[in-house]
Amino acid sequence: MTDSQPHDSGELGVHQAARLEKLKKIEAQGLDPWGHRFDDRSFIEAVRARQGEVRYQLADGSQIPLPEFDGPEIIDYKAWKASKGPGGEEIGPAVRVAGRIMLMRTAGKLVFLNIRDLTGDIQIMIPKGHVSDEDFELTKLLDFGDLIGVDGRLGRTNTGELTVFASKLHFMTKTLEPPPEKHAGLQDPELRQRMRYLDLTYNTDSLQTFLKRTKIIHSIRSTLAKHDFVEVEGPTLHTIAGGAAAKPFLTHHNALDMQLFLRIALELHLKRLMVGGIERVYEIGRVYRNEGISPRHNPEFTMIELYWAYADYRVMMDLTQQIIIEALDAIGQGYKTHWGDLEIDFTPPFKRRTYTELFEEHTGLKIADHEGIASLARKLRLDPDGKHPDVVISEVFEEKVEDALIGPVFVTDYPASLCPLTKRSATQPEIAERFELFIHGMELANAYTELNDPILQENLFKTQLQGMAEDDSMARMDTDFIRALRHGMPPAGGLGIGIDRLVMLLTNSRSIRDVILFPLLRQES
RNA sequence: GAGAGCGUAGCUCAGUCGGUAGAGCAAAGGACUUUUAAUCCUUGGGUCGAGGGUUCGAAUCCCUCCGCUCUCACCA
């Protein structure tokens, strides 16, 4: 465990020492600086929603509503109250709130706090004489970042600010470290990732992004429930890292003295469950790939994979679109969103274009024109000699087409030789029943009509393994998976979506590290 | 893995031509009963990422290393 704060050296920083001193004084007042259960407190958002209950009672006892403070006009509430004659009084509901102290101002015998909870901020006013002397003494021991509970009455200050006028303070938790700068917040991207707890509190955009992530995942589950899908949890420790072509993390089980891999995909176990009769099955889970890190790649990331018996890749296309549209609905966003300077128009239906169409459109070459394509590949410095023509086509496609796909667009009907593990079209055997969904050059979803022929699957596995270099081939033949297929997996459509990338696109986050709470960082020095 | 940029007070940032380290916020002490990033007076706070080199003198120039960011490579 590394904690590099100054107290490692035994010397307290001036901020830490000051806070510890206040902690001792709080204890000396007979209060618990670490707080306790606090029943029946309301979220700040709910308290703010009760602002209509704040009324003004005239001297004759009749109640009238307050002026409208939320409009463009600035209201002089003090003058308004004076205009209603003497003997009037503001009345408002009793409320109980708790939160972190974000701002604090003292004006003589008045103390103003702004506190924040999960749902928002609200101002607290603590007037000397309206709380006990002990509570007013306590305000001198408060620091930015401390957690506090407040009982009080909801009302308005002279400037119209919705405020809880405190009658009782409840100390909840002392903070021993100073918070980030109160206006600029925490800016350093490294600190925002290492100390996500501070980022979430002091950068509200960050909190909102992660709350949206939760809503998106919830929405996906809800969409799939409408189609009677069953959610399962497969193993993350695999004896064979299969289901994708990626380098796995290696680990070891001591008692069994067994080499294990962290999973790189969810596929092979979900298909086993299809054999087992779970006809519509999915998992939302973490996979681990021992590869490079970039703004679009984190070594652990979240995928959803799903399999739908008796469906095919076209059903998967409809479902993919439904998942995304309903996720957008769930975070209360329109279908036209921004991605940096670019607009993405999610208005359904998403475009569907075949691989061949896009290839010929962007290169000006017929896909059968192998010599022309090889010539273009040389111009792109792709070194096509000795490669299978379809591999050259794929490389040219990645170079010329993918980055140009703003999307959302379904790229469908790949050359069969590029997708050996995909079922071929019954009518056009050179076509694989596959699509990928591209948005702004980013591959977001990948789906197939799944191969369920165990003999073909086994042969393709063997061919694939033969083609791999010894080092790359952590993969081995998954004979149990073949055995499962021999027991009969129904024809099915399968779909994979990168959840992190989906969240990036829907929340206009430029880096995957902005949508993963704790992305992998090097150990702090 | 390669290239570029960055790293200065707890936080956000300045730092000119190489000439004794700066501001705001935060902290400590004080004033103030309607503040809004409150204001005002006073005070303290630095291994300039680490190490080495050049120089009379280095935050500044050079080298190595550490960390972060971006681009590329890798990447069903």
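Tyr414(A) and Glu433(A) share no donor-acceptor pair across their side chains, judged by distance under 3.5 Å alone. Arg19(A) and Thr175(A) share a donor-acceptor pair across their side chains, judged by distance under 3.5 Å alone. Counted by atom type alone, Thr356(A) and Thr354(A) present zero donor-acceptor pairs between their side chains at under 3.5 Å.
Lys81(A) comes within 4.0 angstrom of no nucleic acid atom, judged by non-hydrogen atoms across all strands. Residue-level contact check: Gly185(A) touches the backbone only, with heavy atoms under 4.0 Å from sugar-phosphate atoms and none from bases. Looking at heavy-atom distances under 4.0 Å, Tyr202(A) makes no contact with the nucleic acid at all. As judged by a 4.0 angstrom heavy-atom cut-off over every strand, Gln187(A) is placed among residues touching the sugar-phosphate backbone only. Nucleic acid contact for Asn114(A): none, since no nucleic acid atom lies under 4.0 Å from a heavy atom of the residue. When heavy atoms are screened at a 4.0 angstrom cut-off, Lys182(A) is found touching the sugar-phosphate backbone but no base atom.
For the pair Arg434(A) and Tyr448(A), the cation-pi criterion (under 6.0 Å, within 45° of the ring axis) is not fulfilled. The cationic atom of Lys81(A) (NZ for Lys, CZ for Arg) lies less than 6.0 Å from the six-membered ring centre of Tyr77(A) and within 45° of the ring axis.
In this entry C56(B) has G19(B) as its Watson-Crick or G-U wobble partner, both defining distances falling under 3.5 Å. Nucleotide G5(B) has C68(B) as its partner under the Watson-Crick or G-U criteria, with both atom distances under 3.5 Å. The partner of A73(B) cannot be assigned: no Watson-Crick or G-U wobble pair with both contacts below 3.5 Å exists in any strand. The partner of G24(B) is C11(B), by the rule that a Watson-Crick or G-U pair needs both atom distances under 3.5 Å. Applying the Watson-Crick and G-U wobble criteria (two distances, each under 3.5 Å), A31(B) pairs with U39(B).
Among A28(B), C70(B), C68(B), the nucleotide with an atom closest to any side-chain atom of Ser511(A) is C70(B). Across U12(B), A27(B), G67(B), the shortest atom-to-atom separation from the side chain of Asp188(A) is found for U12(B). With distances taken from any side-chain atom of Lys128(A) to the nucleotides U33(B), C11(B), U34(B), the minimum falls on U33(B). Of the candidate nucleotides U34(B), A27(B), C11(B), C11(B) has the atom lying nearest to any side-chain atom of Glu181(A). For Asn158(A), the listed nucleotide lying nearest its side chain is U34(B); candidates were U34(B), G10(B), A28(B). Checking A26(B), C68(B), U33(B) against every side-chain atom of Glu190(A), the shortest atom distance belongs to C68(B).
Between Pro519(A) and Gln193(A) the shortest heavy-atom distance is CG-OE1, 3.8 Å.
C66(B) sits 15 Å from G51(B) when the P atoms are compared, rounded to a whole Å. With both ends at atom P, the span from U8(B) to G46(B) equals 16 Å, rounded to whole Å. Taking atom P in both A73(B) and A2(B), the straight-line distance is 16 Å, to the nearest Å. The gap from the C1' atom of A37(B) to that of C25(B) amounts to 9 Å, rounded to the nearest Å. Here, U54(B) and C11(B) have their C1' atoms 35 Å apart, quoted to the whole Å. Comparing the P positions of U35(B) and A21(B) gives a spacing of 43 Å, expressed to the nearest Å. Straight-line distance between the C1' atoms of A50(B) and U43(B): roughly 33 Å, to the nearest whole Å. Taking atom C1' on both C56(B) and U39(B), the two are 48 Å apart, rounded to the nearest angstrom.
Mapping Pro295(A) and Leu103(A) onto RNA chain B by nearest heavy atom places Leu103(A) at the nucleotide closer to the 5' end. When each of Pro180(A) and Phe165(A) is assigned the nucleotide of RNA chain B with its nearest heavy atom, Pro180(A) is the one assigned upstream, toward the 5' end.
In this structure a side-chain-to-backbone donor-acceptor pair under 3.5 Å is missing from Arg272(A) to Leu485(A).
Taking 4.0 angstrom as the limit, Arg105(A) places none of its side-chain polar atoms (N or O) nearer than this to OP1 or OP2 of U35(B). Phosphate proximity of U69(B) to Gln193(A): present, with a side-chain N or O under 4.0 Å from OP1 or OP2. Contact annotation: Arg513(A) side-chain N/O to U69(B) OP1/OP2 distance is under 4.0 Å.
Per the geometry, NZ belonging to Lys109(A) stands 8 Å off C1' belonging to U33(B), to the nearest Å.
Residues Phe397(A) and Tyr355(A) bring their aromatic ring centres within 6.0 Å. Aromatic rings from Tyr56(A) and Trp80(A) are positioned such that their centres are separated by under 6.0 Å.
Between the side chain of His15(A) and the base of A27(B), no donor-acceptor pair of N or O atoms lies under 3.5 Å.
Between the side-chain ring of His183(A) and the base of A37(B), a stacking contact exists by the 5.5 Å and 30° definition.
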Pairwise N/O distances under 3.5 Å, protein to nucleotides 72-76 of chain B:
unit_1	atom_1	unit_2	atom_2	d
C74(B)	O2	Gly292(A)	N	3.4
C75(B)	O2'	Glu291(A)	OE1	3.3
C75(B)	O2	His297(A)	NE2	2.1
A76(B)	OP1	Ala245(A)	O	2.6
A76(B)	O3'	Glu443(A)	OE2	3.1
A76(B)	N3	Tyr448(A)	OH	3.1

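A salt bridge does not link Asp151(A) with Lys168(A): every distance from a Lys NZ or Arg NE/NH1/NH2 to an Asp or Glu carboxylate oxygen is 4.0 Å or more.
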